[in-house]
*Asks:* 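Below: one structure in C-alpha coordinates.
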Amino acid sequence: MVNTLLDAVTKQLGKKFGTSYHYYMEDVEQDFVKPCFTVDARLPVQRSKSPTLYDRKFPLIIHYFTNNEKTKKRELYSMGEQLAECLEYLNFEGGLLRGRDLSWRVTEGVLQFFVTYEFTTKLVTEPENSMEQLLRKLMHR
(Lines give C-alpha, C1' and ligand atoms only; values in the text may rest on other atoms or scores of the structure.)
Protein backbone atom coordinates (compact mmCIF):
# COMPACT_ATOMS: atom_id res chain seq x y z
CA MET A 1 0.00 0.00 0.00
CA VAL A 2 2.78 2.46 0.85
CA ASN A 3 4.49 1.88 -2.49
CA THR A 4 1.21 2.52 -4.30
CA LEU A 5 0.84 5.81 -2.41
CA LEU A 6 4.44 6.84 -3.15
CA ASP A 7 3.87 6.03 -6.83
CA ALA A 8 0.73 8.19 -6.82
CA VAL A 9 2.65 11.13 -5.31
CA THR A 10 5.47 10.74 -7.82
CA LYS A 11 2.97 10.57 -10.68
CA GLN A 12 1.22 13.71 -9.41
CA LEU A 13 4.57 15.54 -9.23
CA GLY A 14 5.37 14.40 -12.77
CA LYS A 15 2.04 15.77 -14.04
CA LYS A 16 2.65 19.13 -12.39
CA PHE A 17 6.36 19.64 -13.06
CA GLY A 18 7.02 17.51 -16.14
CA THR A 19 10.16 15.89 -17.44
CA SER A 20 12.58 18.71 -16.67
CA TYR A 21 12.70 17.40 -13.09
CA HIS A 22 13.84 13.99 -11.82
CA TYR A 23 11.84 11.91 -9.33
CA TYR A 24 13.36 9.39 -6.93
CA MET A 25 11.75 6.94 -4.51
CA GLU A 26 14.94 5.02 -3.82
CA ASP A 27 17.90 6.38 -1.88
CA VAL A 28 20.49 7.94 -4.13
CA GLU A 29 23.79 8.32 -2.32
CA GLN A 30 25.43 10.49 -4.96
CA ASP A 31 25.21 11.59 -8.57
CA PHE A 32 21.48 12.32 -8.53
CA VAL A 33 20.42 14.78 -11.18
CA LYS A 34 19.13 18.20 -10.07
CA PRO A 35 16.54 19.63 -10.03
CA CYS A 36 14.86 16.67 -8.42
CA PHE A 37 12.40 15.38 -5.85
CA THR A 38 12.78 12.46 -3.48
CA VAL A 39 9.64 10.95 -1.96
CA ASP A 40 9.67 8.87 1.22
CA ALA A 41 7.32 7.61 3.94
CA ARG A 42 8.14 8.78 7.47
CA LEU A 43 6.18 6.62 9.92
CA PRO A 44 3.12 4.81 8.48
CA VAL A 45 0.52 3.83 11.06
CA GLN A 46 -2.30 1.29 10.82
CA ARG A 47 -5.03 1.02 13.44
CA SER A 48 -7.71 -1.62 13.51
CA LYS A 49 -11.30 -0.33 13.67
CA SER A 50 -12.88 -3.77 13.33
CA PRO A 51 -11.79 -7.21 12.14
CA THR A 52 -11.95 -5.98 8.52
CA LEU A 53 -11.55 -2.16 8.69
CA TYR A 54 -8.28 -0.34 9.21
CA ASP A 55 -7.43 3.33 9.54
CA ARG A 56 -4.21 4.02 7.65
CA LYS A 57 -2.07 7.10 8.13
CA PHE A 58 0.88 7.86 5.87
CA PRO A 59 3.07 10.86 6.75
CA LEU A 60 5.32 11.59 3.77
CA ILE A 61 8.34 13.78 3.21
CA ILE A 62 9.26 15.17 -0.18
CA HIS A 63 12.70 16.71 -0.58
CA TYR A 64 13.34 19.15 -3.38
CA PHE A 65 16.87 19.85 -4.57
CA THR A 66 17.37 22.83 -6.86
CA ASN A 67 20.21 23.45 -9.25
CA ASN A 68 19.70 27.23 -9.11
CA GLU A 69 22.32 28.64 -6.77
CA LYS A 70 21.68 32.35 -7.50
CA THR A 71 18.09 32.52 -6.21
CA LYS A 72 18.00 29.29 -4.23
CA LYS A 73 15.87 30.44 -1.28
CA ARG A 74 13.33 32.23 -3.47
CA GLU A 75 12.95 29.14 -5.65
CA LEU A 76 12.64 26.81 -2.64
CA TYR A 77 9.95 28.96 -1.02
CA SER A 78 8.06 29.16 -4.29
CA MET A 79 8.34 25.38 -4.70
CA GLY A 80 6.93 24.87 -1.17
CA GLU A 81 3.81 26.79 -2.18
CA GLN A 82 3.52 24.88 -5.45
CA LEU A 83 3.83 21.54 -3.67
CA ALA A 84 1.08 22.54 -1.23
CA GLU A 85 -1.21 23.24 -4.17
CA CYS A 86 -0.14 20.13 -6.07
CA LEU A 87 -0.38 17.62 -3.21
CA GLU A 88 -3.41 18.85 -1.28
CA TYR A 89 -5.55 16.46 -3.33
CA LEU A 90 -4.05 13.24 -4.62
CA ASN A 91 -5.51 10.86 -7.20
CA PHE A 92 -5.30 7.50 -5.47
CA GLU A 93 -6.93 4.18 -6.35
CA GLY A 94 -9.78 5.72 -8.32
CA GLY A 95 -10.57 8.49 -5.83
CA LEU A 96 -9.17 11.61 -4.25
CA LEU A 97 -7.23 11.72 -0.99
CA ARG A 98 -6.87 15.01 0.80
CA GLY A 99 -3.47 15.79 2.25
CA ARG A 100 -3.40 16.97 5.84
CA ASP A 101 -0.85 18.88 7.89
CA LEU A 102 0.93 20.29 4.84
CA SER A 103 4.07 22.17 5.85
CA TRP A 104 7.56 22.86 4.60
CA ARG A 105 10.91 24.21 5.65
CA VAL A 106 14.27 24.88 4.07
CA THR A 107 17.19 23.12 5.77
CA GLU A 108 20.76 23.29 4.49
CA GLY A 109 19.60 24.44 1.05
CA VAL A 110 17.03 21.68 0.60
CA LEU A 111 13.23 22.04 0.72
CA GLN A 112 11.57 19.53 3.03
CA PHE A 113 7.85 19.25 2.36
CA PHE A 114 5.59 17.29 4.74
CA VAL A 115 2.11 15.92 4.03
CA THR A 116 -0.01 13.22 5.64
CA TYR A 117 -2.63 11.12 3.87
CA GLU A 118 -5.24 9.27 5.92
CA PHE A 119 -7.86 6.78 4.77
CA THR A 120 -9.72 3.65 5.79
CA THR A 121 -9.16 0.33 4.06
CA LYS A 122 -11.19 -2.82 4.14
CA LEU A 123 -9.56 -6.22 4.34
CA VAL A 124 -11.08 -8.31 1.60
CA THR A 125 -10.85 -12.04 2.17
CA GLU A 126 -12.29 -14.81 0.14
CA PRO A 127 -14.48 -17.28 1.97
CA GLU A 128 -12.45 -20.25 3.11
CA ASN A 129 -14.70 -22.77 1.40
CA SER A 130 -17.77 -22.36 -0.67
CA MET A 131 -20.60 -24.83 -0.26
CA GLU A 132 -19.74 -26.27 -3.66
CA GLN A 133 -16.13 -26.93 -2.60
CA LEU A 134 -17.30 -28.61 0.61
CA LEU A 135 -19.66 -30.89 -1.33
CA ARG A 136 -16.87 -31.90 -3.71
CA LYS A 137 -14.62 -32.77 -0.78
CA LEU A 138 -17.33 -34.88 0.83
CA MET A 139 -18.05 -36.73 -2.39
CA HIS A 140 -14.39 -37.59 -2.94
CA ARG A 141 -13.97 -39.24 0.44
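This one's a predicted model, so the numbers in the text were calculated from it and none came from an experiment. One-based numbering along the sequence shown.
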*Asks:* Does atom CZ of R42 have more than 12 heavy-atom neighbours from other groups under 6.0 Å away?
*Replies:* yes

*Asks:* Return the OG1 to OH distance between T120 and Y54, rounded to the nearest 0.5 Å.
*Replies:* 12.5 Å

*Asks:* Is the backbone N or O of L53 less than 3.5 Å from a side-chain atom of S50, with the two atoms forming a donor-acceptor pair by type?
*Replies:* yes

*Asks:* The criterion is ring pair (Phe, Tyr, Trp, His ring centres under 6.0 Å); which residues satisfy it with F17, sequence neighbours excluded?
*Replies:* Y21, F37

*Asks:* Which residue pairs satisfy the salt bridge (Lys or Arg N to Asp or Glu O under 4.0 Å) criterion with at least one member in residues 94-118, sequence neighbours excluded?
*Replies:* E88-R98

*Asks:* Taking the side chain as every heavy atom from C-beta outward, state whether L76 and T66 have any atom pair closer than 4.5 Å.
*Replies:* yes

*Asks:* Under 4.5 Å between side-chain heavy atoms, counting indirect links through other Ile/Leu/Val/Met/Phe/Trp/Tyr residues: same cluster for Y77 and M79 or not?
*Replies:* yes

*Asks:* So which atom in P35 and which in S20 form the shortest heavy-atom distance, rounded to 0.1 Å?
*Replies:* CG-O, 3.8 Å

*Asks:* To the nearest 0.5 angstrom, please state how far the SG atom of C36 sits from the CG atom of L13.
*Replies:* 11.5 Å

*Asks:* Just by modelled atom types, is the L87 backbone N or O under 3.5 Å from a matching donor or acceptor in the Q12 side chain?
*Replies:* no

*Asks:* Under a 4.5 Å cut-off applied to non-hydrogen side-chain atoms, are T4 and E93 in contact?
*Replies:* yes

*Asks:* Are V115 and Y24 joined in one hydrophobic group, where the rule is that I, L, V, M, F, W and Y side chains link up if heavy atoms are under 4.5 Å apart?
*Replies:* no

*Asks:* Keeping Y23 on the side-chain end and K11 on the backbone end, is there a donor-acceptor pair under 3.5 Å?
*Replies:* no

*Asks:* Can a salt bridge be assigned to the pair K72 and E69 using a cut-off of 4.0 Å between side-chain N and carboxylate O?
*Replies:* yes

*Asks:* State the CG-NE2 distance between D40 and H63, to the nearest 0.5 angstrom.
*Replies:* 8.0 Å

*Asks:* Start with the C-alpha distance between L83 and W104, add both sets of side-chain angles, then the distance that settles side-chain contact (heavy atoms from CB on, under 4.5 Å), and finish with yes or no.
*Replies:* CA-CA 9 Å; L83 286 173; W104 68 89; over 6 Å; no

*Asks:* List the atom of A41, the atom of V2, and the distance in Å for their closest heavy-atom pair.
*Replies:* CB-CG2, 3.7 Å

*Asks:* Between F65 and F32, is the ring centroid distance below 6.0 Å?
*Replies:* yes

*Asks:* Nearest 0.5 Å, please: how far is CZ in F113 from CG in L60?
*Replies:* 10.0 Å

*Asks:* Using distance alone, with no hydrogens and no angle criterion, decide if N68 and T71 have a side-chain donor and acceptor under 3.5 Å apart.
*Replies:* yes

*Asks:* Give the C-alpha distance, both sets of side-chain angles, the deciding distance and a yes or no for side-chain contact (heavy atoms from CB on, under 4.5 Å) between L5 and L90.
*Replies:* CA-CA 9 Å; L5 184 64; L90 180 67; 3.6 Å; yes

*Asks:* Is the side chain of Q82 donor-acceptor paired with the backbone N or O of K16 at a distance under 3.5 Å, no angle test?
*Replies:* no

*Asks:* Go through the steps to decide whether Q112 and Y64 satisfy the test side chain to side chain donor-acceptor pair (under 3.5 Å), and finish with yes or no.
*Replies:* CA-CA 7 Å; Q112 297 176 336; Y64 173 67; over 6 Å; no

*Asks:* Whether the side chain of T10 engages the backbone of L6 through a donor-acceptor N/O pair (distance < 3.5 Å, no angle test) should be reported.
*Replies:* yes

*Asks:* Return the minimal non-hydrogen interatomic distance between F92 and A8, and the atom names on each side.
*Replies:* CD1-CB, 4.0 Å

*Asks:* Quick check: do K15 and N91 have side-chain heavy atoms less than 4.5 Å from each other?
*Replies:* yes

*Asks:* If you link I, L, V, M, F, W and Y whenever their side-chain heavy atoms are under 4.5 Å apart, who else ends up in the same group as F114?
*Replies:* I61

*Asks:* Are any of the side-chain heavy atoms of T121 and M1 separated by less than 4.5 Å?
*Replies:* yes

*Asks:* How far does CG of N67 sit from NE2 of H22, to the nearest 0.5 angstrom?
*Replies:* 9.0 Å

